[in-house]
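A quick write-up on the structure given underneath.
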2 protein chains.
Amino acid sequence: MLSVTIDDVALAAGVSIRTVSRVLNESPHVGAETRKTVLETIERLGYSPSTRARALASGRSFLIAMVQDDPNAHVIGALQRGIVEACSSHGYELVVRPVHFANPDIASDIENFVRRSRVDGLIVLPPTSEIAAIPERLTRLGVPSVGIASVSLPEYPCMLVSNERGATRALGQHLLELGHRRIAMIEGPAHFRSAQERKAGFLEGIGGSMPEAYRREGDYGFDSGAAAAEALLSLDQPPTAIFAANDIMAAAVAKIARERGVSVPGQLSLAGFDGSDIASMITPALTTIRRPLVDMAQAVTERLLDMISGARASWPHERIDLTLVHGKSVGPAMDDPRKNGR
Amino acid sequence: MLSVTIDDVALAAGVSIRTVSRVLNESPHVGAETRKTVLETIERLGYSPSTRARALASGRSFLIAMVQDDPNAHVIGALQRGIVEACSSHGYELVVRPVHFANPDIASDIENFVRRSRVDGLIVLPPTSEIAAIPERLTRLGVPSVGIASVSLPEYPCMLVSNERGATRALGQHLLELGHRRIAMIEGPAHFRSAQERKAGFLEGIGGSMPEAYRREGDYGFDSGAAAAEALLSLDQPPTAIFAANDIMAAAVAKIARERGVSVPGQLSLAGFDGSDIASMITPALTTIRRPLVDMAQAVTERLLDMISGARASWPHERIDLTLVHGKSVGPAMDDPRKNGR
DNA sequence: CTGAAAGCGCTTACAG
DNA sequence: CTGAAAGCGCTTACAG
């Protein structure tokens, strides 16, 4: 498909391919005059070096992979935007690698992928980033990896940890301060660390306990949120506030509430998690906890690239505090919600 | 990072590397016994061939790229799922390449990317797939490309064209049959072919014309939909039906309508486009036009892979008919909407 | 059915 | 500051 190689450039510029290579790799050991000639020749011939050949010769593929298993398009989309941004500005390409969290052989699956594709590094996203066996394997393979998650796994040489527990704790306190006493939560899947963190923080925030009937487990999907909302709103003593562990489930609660004639935030305060687009698309706009996903993804990718270039072998894990975004779905508790026709 | 090479395998199996290569590439010209020995040796040594080396030697990178410029996470997410699915099952990796539709040098940008990365083929997504210069360049480079769009560009050796005009025509007719006469549309950006198609079809469906005041241009984003809705609902004779050219803008209309106390579908019928998750998340669930994005993406990727393998050089462009999904946001027109307090 | 040799297009110590 | 040679780990005609 292409004809121009480094040999053509060297020939035309009257230098050795070694010198062309040096110019390409921005080696300081090239005379200014020589460099100029080479660059002009490259331009004139329309030469672009083959990454395939560079890869084989240098041992670097200039490919990094994003390992994911999350059906939430908002979250994945934001993360991908940050990652690809950082990649592009450093001459790397981004390979997308979907995996299955539930696959017991997930670590082997990823190892095989790495051996085959020869990516130079991996960014592992939640919930896959919660599995310690993965960074363990990758480190043994000698391939740098970074993780984004809600908890810190020492196996990763670099991680960005979103302080989900702290944020949900603050949310719980906020609801308490608004006078809510009958507070419910729709949790994420119990085997996800993120779900555990969000629950633990929220419980701390509201003072440590919640009746069983007010705790429902969802799967971060819309339908599960709707089912949980139906159950909660059918209780004799329905909650005056519901925290759903992500925006999608919170949107489901909003929908069910509306169908049942329960006004938000008049009769029911509602909060979500993620700060995704959907939070502002529904009515009323959702109070939610914003994760700065684009920034986190970009930052962690920059660090990975530093590790690949050998600038450093690891980074202290960093914790990111999240912010509570006040929408219009949370208000003061009413004295007795039963008076209001529920 | 890895030590085992094809030489090690050949040595251990007592054959030449040529034979190992043949086994790897599933050549039929290998004795059953030999093949078995080689495969066992590969297994025992934990060997996986380097794609980098295969790429250089074979002229194929086993990489394909997805070229995109669409901030709509739902659309991109669905397309990516279909593409990556097809890639994985054929041993290809997917590289994500974001571009800027508005960049006048977009074709050069993509050409440079291809020369550098050596991807074996590209899948170009809307709206980028509406630019004829791109397939033109790629074909000249000798790199196969496929497009997904709302119109057929002959420059592409293969395209999947969603019949957006036909679908919006049907929607227009449907509104007409329900008795609507004051029908408005929030269009997409006028320089997008998809926006033109959706508008043209809809106009055909409602009988060919629409007062200027009932036509608003949006940018497919939420805020532009909200602004258009405000304007439309403030008219002396507000429309009894609004078609927004995508679900996100339709969601914005729903929100504004609710804020203004305009009931949907009681006082206002509302339809969107895309059939994305958000359509079912808002209340009432949106009537929308579903694009089978995952299936389309997967199908077009399969065809691209066929072209790469040399099975065929091009495909007749295929048109995909879309389906109208009946939500709860469209109903019969009322006799006189002004009676209802607007 | 199987092998020895050349080559894909670069980079990398090693010299000069 | 610059060059000749070897090598990265495969595949590919060409023979046998």
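Nothing here was measured: the structure is a model prediction, and the numbers come from that model. Below, chain A is the first sequence line, B the second, and so on; all start at residue 1.
In this structure, I6(B) atom CD1 and dC8(D) atom P are separated by 14 Å, rounded to whole Å. Look at CG on L24(A): it is 8 Å from P on dC10(C), rounded to the nearest Å. Between the CZ atom of R115(B) and the P atom of dC10(C) there is a distance of 12 Å, given to the nearest Å. Remark: C1' of dC10(C) and CZ of F62(A) are 10 Å apart, rounded to the nearest angstrom. The CZ-C1' distance, from R54(B) to dC8(D), rounds to 16 Å in whole Å. Rounded to whole angstrom, the span from the CZ atom of R118(B) across to the C1' atom of dC10(C) amounts to 10 Å. R52(B) places its CZ atom 24 Å from the P atom of dG7(C), with the value rounded to the nearest Å. Distance R116(A) CZ to dC10(D) C1': 16 Å, rounded to the nearest Å.
Shown here, dA4(C) forms no base pair; nothing in the strands shown gives a Watson-Crick or G-U wobble contact with both key distances under 3.5 Å. Using the Watson-Crick or G-U wobble rule with both distances under 3.5 Å, dA13(C) pairs with nothing in any strand shown.
In this structure, of dT2(C), dC10(C), dC8(C), it is dC10(C) that holds the atom nearest to the side chain of A57(A). Taking only side-chain atoms of I17(B), from C-beta outward, the nucleotide of dT12(D), dT11(C), dC10(D) with the closest atom is dC10(D). For S21(B), taking side-chain heavy atoms from C-beta onward, the closest of the listed nucleotides dC10(D), dC8(D), dT11(D) is dT11(D). Of the listed nucleotides (dC10(C), dA4(C), dC10(D)), dC10(C) has the atom at the smallest distance from the side chain of S50(A). In the set dT12(C), dC1(D), dG9(C), dC1(D) carries the atom at the smallest distance from any side-chain atom of H29(A).
Residue contacts for N25(A): at a heavy-atom cut-off of 4.0 Å it reaches the sugar-phosphate backbone alone, with no base atom in range. When heavy atoms are screened at a 4.0 angstrom cut-off, R18(B) is found touching base atoms of the nucleic acid. Contacts of T34(B) with the nucleic acid, taken as non-hydrogen atoms under 4.0 Å apart, involve only primed sugar atoms and P, OP1 or OP2.
For F62(A) and H90(A), the distance between ring centers is not under 6.0 angstrom.
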Give the intermediate values and the outcome of side-chain hydrogen bond (donor to acceptor under 3.5 Å, both in side chains) for residues Y220(B) and S194(B). CA-CA 11 Å; Y220(B) 284 152; S194(B) 65; 2.9 Å; yes
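Electrostatic pairing of R97(A) and D109(A) counts as a salt bridge here, judged by a charged N lying under 4.0 Å from a carboxylate O.
Around CZ of R319(A), the count of heavy atoms belonging to other residues, nucleotides or ligands within 6.0 Å does not exceed 12.
Take the nearest nucleotide of DNA chain C for S58(B) and for R35(B): the residue whose nucleotide is more 5' is R35(B). Nucleotides of DNA chain D nearest to V15(A) and L56(A) differ in position, and the one nearer the 5' end is that of V15(A).
One N or O donor and one acceptor, one from the side chain of R22(A) and one from the base of dG3(D), sit under 3.5 Å apart.
A donor-acceptor contact closer than 3.5 angstrom links the side chains of R115(B) and S48(A).
Contact check for R291(B) versus I320(B): no side-chain heavy atoms found under the 4.5 Å cut-off.
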